[in-house]
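Here the structure is laid out as structure tokens; the discussion comes afterwards.
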Amino acid sequence: MKVKELTPEKLQKKALKKQKEIAKWEREKAKPKRNYYFAYLVFIITLIYATDEIASQIGTLMKTEIANDLFAKFGQSSVALLDILSILVVPFQALGLLYRPFADRLGRKKFLIINTFGMSFAMLIIFLSNNIFLYFIGAVLVQFFIPHDMHVVYIMESAPSKHRARVYSTIKFFANMSVMLVPVLRRLLMAEASEWRNVYMIPAIVGLLTSFIAIMFARETDAFIDSRLKHLRKTDEELLQEKLEKKTNDAQGGLIPAFKFAMKHKQLRWLFITATLANFGFIGSINYQVIMSYGYAESLYNSFTEEVMNLVSVGPVTTALFLFPVGCSLAQVIMGFICDSKGRKTAALITAFDCLACFVGFWLGAKYNWSPAIVGLLCGGFVGSFYSTNDVLIMMIGESSPTNLRSSTMAAEFLPVGMGVGVSYMISLPLAAVLGNQYMGIISICLLVPGFIAALITLAKKTSDTKGIDLDTVTGLEWD
């Protein structure tokens, strides 16, 4: 097979383009960091993470109201129908995965800003929606931008290695606490369950403002600049020789190269398998508000009529949701401090146990009319611990990947996660449609328990801890 040769003009143009990019990144690297730069970077990332958490959780925190409004005539199967609508969003999530790896070539900052603006604009569309079609457009945009998690990459590449998990969990603590804005807005702007759209307005505006703050004050991460300059300074002969000898993987991003890289190396391969198993119980993490609503409807009224669901929605459920962010945030902080002191794997074991215990507690609490404050706290503990376990996995994946593929490998992790989520949907949706929304708790626990047990076995037996890894030198080959 003949190798296509470039003309001298094209070679000159290519060399000039490379030199311009080198000069651009050298100027960016040379920019002096203002006093307390890391402090206000943490503030910016916290605001962005808060926008991400609210965009991720707001629909779930009002799922019963949204389902019953959009699919009122279907009664007890409304939540299952909303979940089917959510499945239609999956192809757009896949497009988001193809978009994320560009951050390994073009830089982190661009995508930090684009994602924040995109999530916020999507919430604004849902606020203005007056039909299922516009709601679907907003939901598509939210799900397109949420998986990118560029703020997580920023934290990993900017925080000191020995405090990386603490910094991450502290930021996520405040981000989770910001979710308390949702029940506050429910109480202020949602006199009736049908007024759920009003709750989207304030988070959308705050997120749009945050994206402009990031434009002005955030700068590109040093880890990305160093990695990109290292790649650009290599000659074509060096790149070709490395590719032929397969001594390194110098690809600058790409979902397929990242996934292939992960499958070739033991540590990342087993982390991907663990992520699949850990998401068998995903359906519970998006239906906790449904479980809570129908639990209180049963314990207080032994009925699931529209009038009863409205009373429950503006009453004990809204009260419980005030404590939801507290439980969620505490679970995140616990994860971070255990990660840095005892290791990533120990943290995953503890958060998984907390997840199962809190789920059983909040499910029984709503079913037997416990105090809404306790139920909300346990519900937050369940969701926070579920995502904390997944956060440990994504952190280990990032810490097991070279800088030039880090964002892409973290994006590729959504492929195995999607397989786990797919199993969760395929089993839960037919059961919920036949049995009714009130059985969502039992369905969720039957998926959550075996999935987590299998995930923790593979994590403990097949992977190595990544505490203290140097992100500037890690190659991904250390565990082969």
Expected output: side-chain Asp52 to main-chain Ile48 donor-acceptor under 3.5 Å: no
Min side-chain heavy-atom separation Lys461-Ile457 under 4.5 Å: yes
Results of side chain to side chain contact (heavy atoms under 4.5 Å, CB included) for Ser400 - residues two or more places apart only: Gln267, Leu268, Leu271, Thr466, Trp479
Close side-chain approach of Phe386 and Asn279, heavy atoms under 4.5 Å: yes
Flag if over 12 foreign heavy atoms under 6.0 Å of CZ, Phe38: yes
Which residues share a side chain to side chain contact (heavy atoms under 4.5 Å, CB included) with Leu429, sequence neighbours left out: Asp83, Ile84, Ile87, Tyr425
Phe136 atom CZ, over 12 foreign heavy atoms within 6.0 Å: yes
Spatial distance of atom CG (Leu189) from atom CD (Glu195) [nearest 0.5 Å]: 8.5 Å
Over all atoms of both residues, closest heavy-atom pair of Leu185 and Pro203: CD1-CD, 3.8 Å
All N/O donor-acceptor pairs, side-chain side in residues 444-455, below 3.5 Å, sequence neighbours left out:
from	atom 1	to	atom 2	distance (Å)
Ser444	OG	Met440	O	2.8

Test item: Ser299 side-chain N/O and Ala366 main-chain N/O as donor-acceptor pair under 3.5 Å: yes
Point-to-point distance, once rounded to the nearest 0.5 Å, from CD of Gln143 to OG of Ser56: 7.5 Å
Donor-acceptor contact below 3.5 Å, side chain Lys467 vs main chain Lys345: no
Identified side chain to side chain contact (heavy atoms under 4.5 Å, CB included) counterpart of Met292 within the set Val312, Val375, Asn287: Val375
Reported NZ-to-CD1 distance for the pair Lys367 and Ile291, which is rounded to 0.5 angstrom: 11.0 Å
Neighbour count above 12 (heavy atom, 6.0 Å) for Met177 CE: yes
By side chain to side chain contact (heavy atoms under 4.5 Å, CB included) - contacts of Thr318 (at least two apart): Arg186, Arg187, Phe322
Non-hydrogen side-chain atoms of Ile114 and Phe145 separated by less than 4.5 Å: yes
Criterion side chain to side chain contact (heavy atoms under 4.5 Å, CB included) on Glu478 and Thr475, from CA distance to verdict: CA-CA 7 Å; Glu478 289 86 347; Thr475 66; 3.3 Å; yes
Side-chain (Asn369) to main-chain (Gly365) donor-acceptor, under 3.5 angstrom: no
Minimal non-hydrogen separation, Gln289 against Val317, with atom names: NE2-CG1, 3.9 Å
Full working for side chain to side chain contact (heavy atoms under 4.5 Å, CB included) between Gln57 and Val383: CA-CA 10 Å; Gln57 297 289 346; Val383 175; 3.9 Å; yes
Residue pairs involving residues 268-278 (criterion side-chain hydrogen bond (donor to acceptor under 3.5 Å, both in side chains); sequence neighbours excluded): Thr274-Thr458
Ser371 side chain vs Ala373 backbone, donor-acceptor pair below 3.5 Å: yes
Criterion side chain to side chain contact (heavy atoms under 4.5 Å, CB included) on Met395 and Asp391, from CA distance to verdict: CA-CA 6 Å; Met395 183 178 292; Asp391 285 344; over 6 Å; no
Ser424 side chain vs Phe280 backbone, donor-acceptor pair below 3.5 Å: yes
Donor-acceptor pair between Ser285 and Tyr387 side chains, under 3.5 angstrom: yes
Nearest atoms (heavy-atom pairs only) where Ile54 meets Ser178: CD1-O, 3.7 Å
Minimal non-hydrogen separation, Met410 against Ile394, with atom names: O-CD1, 3.7 Å
Tyr288 and its ring-ring contact (aromatic ring centres under 6.0 Å, His included) partner, picked from Phe324, Phe382, Phe362, Phe282: Phe324
Test side chain to side chain contact (heavy atoms under 4.5 Å, CB included) applied to Asn302 - qualifying residues, sequence neighbours left out: Glu298
Sub-4.5 Å side-chain heavy-atom contact between Leu70 and Tyr135: yes
Main-chain N/O of Trp370 paired to Tyr296 side chain as donor or acceptor, under 3.5 Å: yes
Which atom of Ser388 lies closest to which atom of Ala331, heavy atoms considered: OG-O, 3.6 Å
Whether Ser401 side chain and Arg406 backbone form a donor-acceptor pair below 3.5 Å: no
Value rounded to 0.5 Å, distance of CG in Asp465 from CD in Glu399: 8.5 Å
Nearest heavy-atom neighbours spanning Glu157 and Phe224: OE1-N, 3.9 Å
Spacing of Leu41 atom CG and Ile44 atom CD1 [to the nearest 0.5 Å]: 6.0 Å
